[in-house]
Amino acid sequence: MRLPRAAGLLLPPPPSPAGAGAALGPRRGAARAPQQLENKTKGKLQRQICQVVLDHFEKQYTKELGDTWTRVRDVLTHPLCWQHAVLLNKFSWSSELENTLCLKGYRPLFQETLPYLPGSLKCYISRTPRRFPAQKHQIGKLKEYYLLNAASLLPVLALEVKDGEDVLDVCAAPGGKSVAMLQCAYPGQFHCNEYDGLRSRWLKQTLESFIPDPLINSITVSKLDGRQIGDLNPELYDKILVDAPCSNDRSWLFSSDIQQTMLRLIQRKELSSLQLQLLRSAVKALRPGGSLVYSTCTLSKAENSDVINLILNSCSNILPVDISDMSKAVSQEFTLLSGTRQHELLVLPEKEKAWGPMYVAKLKKII
Ligand SMILES: C[S@@+](CC[C@H](N)C(=O)[O-])C[C@H]1O[C@@H](n2cnc3c(N)ncnc32)[C@H](O)[C@@H]1O
């Protein structure tokens, strides 16, 4: 089955292996073939930046982020400096894998004390942008690790899922954050939802690749419009993740279909309204006393703090939750936008810390 690429957890193609052509040796006459092969490979790997999107972002993010945007743009437009993290699967743990990672220069991502960091959540990163090979799906065999943008773990850590809690992942495909939550705790009910049919199949396949049998049977996977879940399942969950559909700055910058790109840019304004509706639905689905985390992988203020302000100003039973202790604890590994409020953070990609963009906000329901 050929599956679409992930939104939010996508990684760039790996850097071209050094000297790929040269490795074939210096035979005269044959010299052009490896060079051509190398150029062809490079061509595939060096994806084209979509100028329309870059111009659009340039205008908006210069206004919103000032000089910071220039540094972020330098990372976003150079996939060869993008990094990836290796999230270990506790259900298929291998000491050999950890040894290999260490030998290859990887180290554990979280070395500081965080307000919430279950020992079972293990993630390795490398300073250099090399890519660890992805594992193929094999029927009957669990995968040992998941490759992801390390910032994708921050919404999961902010949610603080504990054993026995009823959890909903509203926009779950391809499933990276669902898998990460299941590394942290054994929820009572775990409900993963994805509206898009194809992506929902992808989500199922991710869960089957990482989660063992008795546990996978207790997970509900649905294909609902997340905007309806609040009415269908009112006050059912202790913890909810709304990892919303968003502009996805990283992948939009490399769009190759100009018509689709123009349409996306025109429809971009409507994303905030969809995000707000998903949040309102999540608020309904939350039990009093429960909490939710909202996240996106865009820098856009309209899709981040503006959406959170709207929900805070329109729902009297919703309060912001202070996540500044977590922000402080992760500030060694992630570059965070300064001046955000205590209930939110924005990860800015930077050289050698090329994680994000990732916006995270935490809210709780009081009655
Ligand atoms: C940012 S991605 C989620 C990534 C996922 N949480 C992960 O970590 O792998 C957002 C997802 O929301 C889905 N989506 C879009 N509209 C939706 C809706 N109305 N209800 C539920 N999901 C929706 C998209 O198809 C997309 O898969």
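One-based numbering along the sequence shown. Read the numbers this way: they start at 1 and go in the same order the structure lists the ligands and their atoms. This structure is a prediction, so every number in the text was calculated from the model and none was measured.
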Engineer: Out of Gly197, Pro155, Ala173, Gly175, who gets a non-hydrogen atom closest to atom 5 (C) of ligand 1?
Structural biologist: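 Of the listed residues, Ala173 has the closest heavy atom.
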Engineer: With no hydrogens and no angle check, do the side chains of Ser255 and Gln260 hold a donor and an acceptor under 3.5 Å apart?
Structural biologist: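 No, because no side-chain N or O of Ser255 sits under 3.5 Å from a partner of the opposite role on Gln260.
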Engineer: Is the closest basic N to carboxylate O distance between Glu350 and Lys353 below 4.0 Å?
Structural biologist: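 Looking at Lys353 together with Glu350, the answer is no, because their closest N to O distance does not fall below 4.0 Å.
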Engineer: State the atoms of ligand 1, each with its element, that fall below the 4.0 Å cut-off from a heavy-atom position in Gly176.
Structural biologist: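 Near Gly176, the atoms of ligand 1 are 7 (C), 8 (O), 9 (O).
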Engineer: With a heavy-atom distance limit of 4.0 Å, tell me whether Arg199 approaches ligand 1 through its side chain, its backbone, both, or neither.
Structural biologist: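 For Arg199, only side-chain atoms sit under 4.0 Å from ligand 1.
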Engineer: Does Asn193 reach the main-chain N or O of Val170 with its side chain, forming a donor-acceptor pair under 3.5 Å?
Structural biologist: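 The answer is yes, because a donor-acceptor pair under 3.5 Å joins these two groups.
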Engineer: Does the N or O separation between Lys177 and ligand 1 drop below 3.5 Å for any pair?
Structural biologist: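 There is such a contact, yes.
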Engineer: Could Glu165 and Arg287 be called an ion pair, given the rule that one side-chain N must be under 4.0 Å from one carboxylate O?
Structural biologist: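 Judged by the 4.0 Å cut-off on N to carboxylate O distance, Glu165 and Arg287 do not form a salt bridge.
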Engineer: For Glu144, does its backbone N or O pair with a side-chain atom of Gln135 as donor and acceptor, under 3.5 Å?
Structural biologist: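 Side chain of Gln135 to backbone of Glu144: a pair is present.
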Engineer: If we set the cut-off at 4.0 Å for heavy atoms, which region of Ala244 has an atom near ligand 1: side chain, backbone, both, or neither?
Structural biologist: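 The answer is the backbone.
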Engineer: Look only at interatomic distance and state if Tyr146 has a nitrogen or oxygen under 3.5 Å from any nitrogen or oxygen of ligand 1.
Structural biologist: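 No; the residue has no nitrogen or oxygen that sits under 3.5 Å from a nitrogen or oxygen of the ligand.
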Engineer: Describe, in one word, how the ring planes of His191 and Tyr237 are oriented to each other, choosing from parallel (under 30°), tilted (30 to 60°) and perpendicular (over 60°).
Structural biologist: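 Aromatic pair His191/Tyr237 classed tilted.
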Engineer: Please work out whether any backbone atom (N, CA, C, O) or any side-chain heavy atom from C-beta onward of Ala172 is under 4.0 Å from ligand 1, and answer side chain, backbone, both or neither.
Structural biologist: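 Backbone only; the side chain of Ala172 stays clear of ligand 1.
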Engineer: Answer side chain, backbone, both or neither: which part of Thr296 comes under 4.0 Å from ligand 1, heavy atoms only.
Structural biologist: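 The answer is neither; Thr296 stays 4.0 Å or more away.
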Engineer: Mark up the atoms of ligand 1 that fall under 4.0 Å of a heavy atom belonging to Asp225, in ascending order.
Structural biologist: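 Going through ligand 1 atom by atom, the ones under 4.0 Å from Asp225 are 18 (C), 19 (N), 20 (N).
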Engineer: Which of the numbered atoms in ligand 1 are below 4.0 angstrom from a heavy atom of Asn193?
Structural biologist: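 With Asn193 as reference, the close atoms of ligand 1 come out as 21 (C).
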Engineer: Is there a side-chain contact between Ile311 and Tyr294, using heavy atoms and a 4.5 Å cut-off?
Structural biologist: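 Answer no - side chains too far apart.
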